[in-house]
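To start, the structure itself, in structure tokens.
In what follows, chains are A, B, ... by sequence order, proteins preceding strands, each numbered from 1.
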Amino acid sequence: MQEYLLLVLAAIFVNNIVLAQYLGNCPFIGTSKSLGVAGGMGAAVVFVATLSTAITWAVQEFLLIPAGLEYLQTIAFILVIASLVQFVEMFLKRMLPPLYRSLGIFLPLITTNCAVLGIALIVQRNEYDFFKAVIFAFASGLGFALALVVLSGIRERLDLVRVPRSLKGTPIALVMAGLMSLAFFAFKGMIS
Amino acid sequence: MIKMWKEFSKGLWKELPPFRLVLGLCPVLAVTKTADGGLGMGLAVVFVLTLSNLLVSLVRKIVPPKVRIACYIVIAASLVVAVELLMQAFAYTLYQKLGIFVSLIVVNCIILGRAEAFASKNPPHLSVADGLGMGLGFTLSLTFLGALREIFGYGTLFGVPVMGTSFKPFSFMIEAPGAFVCLGMLLGAMNYFTNLQRRRKGLAPRGNPAHECGSCGLCQGGK
């Protein structure tokens, strides 16, 4: 039990997928202008990352390794993620229209979100078993959502203050992300 | 010929990929601890981007619009697998240094963004020029940022000491926070110089280039 708790805490705080591992920066900067949008994007990433890691884990274990095709990992994983995203989009549209309305516009963006493919690849590098892999993916997704929501909160406040003209918009958002990353850096000593 | 030069040179300054079009940020932050990491990553991107632009442009009239994104992804992914195998064979230390970011070239918005915004509408020779220019611009930016961080973070440049013996490394620069702050400051500096140029010409200052998540052009295309 303790092992899983540590895995979750490490994935959310210590090795935060955006602030410590540099994954998923484009949506991190691009969709953090308002709190509502950031929440939607975060939820969509948690959902897709967990599902896609479960499926890519199975693909690697039961398809690529028995056939000796490990070098096709990248192409197989991205195809799985792209088709999964399409499938989830159609499923939500048909079955859960309210959820589709809040998450739908973010789904096409997720195919090119490197956090999703990155999580699937990190799981393979660390050789987690299935249960650990899914927990790790869920926690990493949560870490992404947390960072995104906090940054969007900061950026909403930044709109109200005077910022040097050259730094307005993306540059100041990146500096803020740096300061957040510095704060998350402090968690490094917590779990060894 | 003039047109090809125009498409090539726009990637080097006017639309310099990570700074003007804020695209493909993850590798920009992750591999620029040192200058040679930035250079290696940049060259891998040049290879994939040029060939994917060429292939996308060649098949642009055959592929039905509905499945074109999937088709671009397959093209990019095959090229990335080729790069991975080549790097494992000829540059294994670099491959280990770049880690999963070699595989992640496939989801770099620059590749899909240029395929969608340029190569799918233009003939092959212009697409190759565009890919080469954008790729070289990306390489230069990465190498510059890597050099900056390496000089202050380690006191070396491409592994050669440059700061003298009394220099104390400023380790903030090589950690994640330093990467974000450095890139933010560089973007700010770019905006400042653009507006300085405009002021010299007597034009009104322009707002900073906005970075929306859909700026790779994929999303409007998907609708």
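For A:Q86, no part sits under 4.5 Å from any heavy atom of chain B, backbone or side chain. B:Q88 does not touch chain A: none of its heavy atoms, backbone or side chain, sits under 4.5 Å away. For A:Y71, the parts lying under 4.5 angstrom from a heavy atom of chain B are both the backbone and the side chain. Interface residue B:F172: only side-chain heavy atoms are found under 4.5 Å from chain A. Heavy atoms closer than 4.5 Å to chain A are found in the side chain of B:A179, but not in its backbone. Heavy-atom distances place no part of B:A70 under 4.5 Å from chain A, backbone and side chain included. Only the side chain of B:L85 comes within contact range of chain A, judged by heavy atoms closer than 4.5 Å. Heavy atoms closer than 4.5 Å to chain B are found in the side chain of A:R125, but not in its backbone. Heavy atoms closer than 4.5 Å to chain B are found in both the backbone and the side chain of A:L117. Heavy-atom distances place both the backbone and the side chain of B:V181 under 4.5 Å from chain A. Heavy-atom distances place both the backbone and the side chain of B:V74 under 4.5 Å from chain A.
Most heavy-atom pairs under 4.5 Å with chain A: of the set B:A176, B:A77, B:P177, B:P27, this distinction falls to B:P177. If you tally non-hydrogen atom pairs under 4.5 Å between each of B:L183, B:L186, B:N108, B:V102 and chain A, the highest count goes to B:L183. Comparing B:M185, B:E175, B:M190 by how many heavy-atom pairs each has under 4.5 Å with chain A, the most go to B:E175. Ranking A:L167, A:I172, A:V18 against chain B, the residue ahead of the rest is A:L167, based on heavy-atom pairs under 4.5 Å. Per-residue heavy-atom pair counts under 4.5 Å with chain B were compared for A:C114, A:S83, A:A20, and the maximum is reached by A:C114. Interface summary for chain B: among A:Q21, A:Q73, A:K168, A:M176, the most heavy-atom pairs under 4.5 angstrom belong to A:K168.
Between B:N53 and B:D130, the side chains place a donor N or O and an acceptor N or O closer than 3.5 Å (distance only, hydrogens not considered). Checking A:T74 against B:E84 by side-chain atom types alone, a donor-acceptor pair falls below 3.5 Å.
Atom CZ of A:F136 and atom NZ of A:K132 lie 11.0 Å apart (nearest 0.5 Å). Here the CD1-OG1 distance, from B:I151 to B:T34, works out to 12.0 Å after rounding to the nearest 0.5 Å. Note that CG of B:L98 is 11.0 Å distant from CG of B:L104, once rounded to the nearest 0.5 Å. The OG1 atom of A:T50 sits 11.0 Å away from atom CD1 of A:I55, with the distance rounded to the nearest 0.5 Å. The NZ atom of B:K121 sits 5.5 Å away from atom CD of B:E116, with the distance rounded to the nearest 0.5 Å. Interatomic distance, A:L69 CG to A:I75 CD1, rounded to the nearest 0.5 Å: 11.0 Å.
In plain terms, the two heavy atoms of B:L49 and B:G131 that are nearest each other are CD2-O, 3.6 Å. Between A:S52 and A:V116, the shortest heavy-atom distance links the atoms OG-CG1, 3.4 Å.
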Criterion side chain to side chain contact (heavy atoms under 4.5 Å, CB included) on B:F180 and A:M180, from CA distance to verdict:
CA-CA 10 Å; B:F180 283 104; A:M180 272 171 68; over 6 Å; no
